[in-house]
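These notes concern the structure reproduced below.
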Amino acid sequence: MKAWRNNKVRHAIFLGMLCSISYLAVYVARNILSAVTPQILRDGTFTTEQIGRISSVYFICYAFGQLINGMIGDRIKARYMISGGLLFAGITNLIFSNIAANAMMATAVYGMTGFFLSMIYGPMTKVVAENTEPIYATRCSLGYTFASFIGSPAAGMLAAVLTWQSVFAVSSGILIVMAVLAFGFFLLFEKKGIVRYGQYRPMREPKEGSRARGQGIRVLIKHRIVKFSLVSILTGIVRTTVVFWLPTYISQYLGFSAERSAALFTAATLVIAFTAFISIFIYERLKRNMDLTILLMFSLSTVFFIGVYFIPYAYVNIVLIVLAIMSSNAAATMLWSRYCPSLRDTGMVSGATGFLDFLSYMAAAASSTLFSNAVGSIGWKNLILIWAGLVFCGVLVALPYRALRNRFGKQKDACADVQE
């Protein structure tokens, strides 16, 4: 009760709830195509290769949208970016289901949906990071990270009870309603002083030219943007592409019907949704050591994917692949819930977040096409080995090179002192 009387706590809760609900609408829409893929393949609307192409175009548009809209989001109010993205995505999402007979047009329209949805995450992270205390910013971003995970089972539930065309119609309605609500609530928050803009100036001002841009890049490098770029690429492939193909994997590789696959996908992603909270719990137990948490999570993911390869029993296999995805997603939670909000003093939260998301989805776009082609050429079993190899690369990236270098450097200096 005492905490509730604290304005900073109440404001963080209000802002976090609005962002989480808005982001839930985004992720319901984002996971619709994945959830209904078994239905679409069964009725012959698209082939596996066409679905792979559509998802790749979507990811590419989403990725470039993150890059572009992330930079724009550092200069335009979140109210316009978030509500506009939700509204236009709702419209194009509805159009897609009505022109599916024309594969090329459907692909282009679905790509537009990806671009509009990319208008949301960077500005959302920026407005939370700049209007709440760091500890509350982590909690808020944890909320919409959870919302992003819960979007998959929500989409699966819709796919389990509705035709795929109806699922698209419902998700479009959700997006449009949330666009109106987000605009209204952000306007209210601005009037109440809960949301303020311009508190942190971007490092890159246009009038300062290339020197300022170089300074901004150096600041981000100092904040280890290179390491977290690699983390973004690797976790993006798992949390986006592997999860996208999970219903098809359950159906084709494990032999379940389309309806049963949708139900299992819903249950699996419902469990995966709690990854964000588990990740923060482990992070707290590890004395808030972000690097150690990421290293542990990538290591566990590698072990679980190897288990998926060697254990063919259907339900055990599903449990293992869910654990593998959860472990990788836990590393992603550190990136999006801890690292990105920590950049608020740079004034480039939206731009940096957009850049990292751009890398994540470009990797997802490339891997989606590769995975769909790999299923026909090398089979699901060998594809699992590729997934294991990817998360093992995450282990290598997450190794504490800087800490080891500092430690051995100090030892070397100490030895030199002794010799002198």
Side-chain angles (χ1 to χ4, degrees), residues 17-46 51 54-55 58-59 61-62 82-102 105-121 144 146-185 240 243-244 246-248 250-251 257-270 272-273:
M17 286 180 62
L18 176 60
C19 290
S20 297
I21 295 171
S22 299
Y23 213 50
L24 176 59
V26 170
Y27 263 77
V28 169
R30 277 203 42 201
N31 286 282
I32 289 300
L33 183 60
S34 172
V36 301
T37 290
Q39 284 190 45
I40 292 176
L41 294 177
R42 185 181 58 190
D43 68 18
T45 304
F46 297 118
I51 291 289
I54 291 170
S55 65
Y58 168 87
F59 292 144
C61 292
Y62 188 88
I82 293 172
S83 60
L86 290 168
L87 176 63
F88 294 126
I91 294 170
T92 53
N93 203 46
L94 185 61
I95 293 172
F96 170 81
S97 62
N98 289 287
I99 60 169
N102 188 322
M105 285 189 64
T107 302
V109 169
Y110 203 65
M112 292 172 63
T113 300
F115 181 85
F116 291 133
L117 289 177
S118 72
M119 295 172 64
I120 295 159
Y121 186 67
Y144 53 77
F146 172 73
S148 71
F149 291 148
I150 207 72
S152 292
M157 290 176 188
L158 291 174
V161 297
L162 299 172
T163 64
W164 70 266
Q165 294 92 338
S166 298
V167 174
F168 272 96
V170 170
S171 67
S172 296
I174 292 171
L175 287 170
I176 293 170
V177 170
M178 270 313 306
V180 176
L181 292 176
F183 186 89
F185 275 107
T240 304
V243 172
F244 178 89
L246 187 57
T248 310
I250 293 171
S251 176
S257 66
E259 291 76 11
R260 187 64 173 166
S261 297
L264 289 169
F265 174 71
T266 301
T269 49
L270 186 60
I272 291 170

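The side chain to side chain contact (heavy atoms under 4.5 Å, CB included) search around T107 returns I54, V57, not counting sequence neighbours. For F265, there are no ring pair (Phe, Tyr, Trp, His ring centres under 6.0 Å) partners two or more places apart in sequence or in a different chain. Under the side-chain hydrogen bond (donor to acceptor under 3.5 Å, both in side chains) criterion, S118 pairs with N69, sequence neighbours left out. Applying the side-chain hydrogen bond (donor to acceptor under 3.5 Å, both in side chains) rule to T163 yields the partners S166; only residues at least two apart in sequence or on another chain are considered. Residues passing the side-chain hydrogen bond (donor to acceptor under 3.5 Å, both in side chains) test with S34, sequence neighbours excluded: none. Legend: residues meeting side chain to side chain contact (heavy atoms under 4.5 Å, CB included) with M112, ordered by chain and number and at least two apart, are T92, F116. Considering only residues two or more places apart in sequence or on other chains, Y58 meets the side-chain hydrogen bond (donor to acceptor under 3.5 Å, both in side chains) condition with R30. A search for side chain to side chain contact (heavy atoms under 4.5 Å, CB included) contacts involving L264 returns I250, F256, R260, Y315, I318, not counting sequence neighbours. Here L270 pairs with I150, P153 under the side chain to side chain contact (heavy atoms under 4.5 Å, CB included) rule; sequence neighbours left out.
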Quick one: side chains of residues 172-185, donor-acceptor pairs under 3.5 Å with protein atoms, not counting sequence neighbours, listed by atom name and distance.
| residue | atom | partner | partner atom | Å |
| --- | --- | --- | --- | --- |
| S172 | OG | G90 | O | 3.2 |
| S172 | OG | N93 | ND2 | 3.4 |
| S172 | OG | L94 | N | 3.0 |
| S172 | OG | F168 | O | 2.9 |

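In this structure, Y121 OH and C19 SG are separated by 10.5 Å, a value rounded to the nearest 0.5 Å. Note that CD1 of I51 and CD1 of I40 are 4.5 Å apart. Values are rounded to the nearest 0.5 Å. To the nearest 0.5 Å, atom CG of residue L86 and atom CD1 of residue I120 are 4.0 Å apart. One finds the OH atom of Y110 at 8.0 Å from the CZ atom of F59 (value rounded to the nearest 0.5 Å). Note: F96 CZ to M105 CE = 12.0 Å, rounded to the nearest 0.5 Å.
Summarising the local packing, OH of Y27 is surrounded by more than 12 heavy atoms from other residues, nucleotides or ligands at distances under 6.0 Å.
The two atoms that bring S20 and A147 nearest to each other are O-CB, 3.2 Å, heavy atoms only. Shortest non-hydrogen contact noted between A100 and A106 is CA-CB, 4.1 Å. Nearest heavy atoms, G111 versus C61: O-CB, 3.0 Å. Looking at every heavy atom in both residues, V28 comes nearest to S171 through CG1-CB, 4.3 Å.
For residues 34-45, the set of pairs meeting the salt bridge (Lys or Arg N to Asp or Glu O under 4.0 Å) definition, not counting sequence neighbours, comprises R42-E259.
T269 is not listed as a side-chain neighbour of N31, based on a closest heavy-atom distance of 4.5 Å or more.
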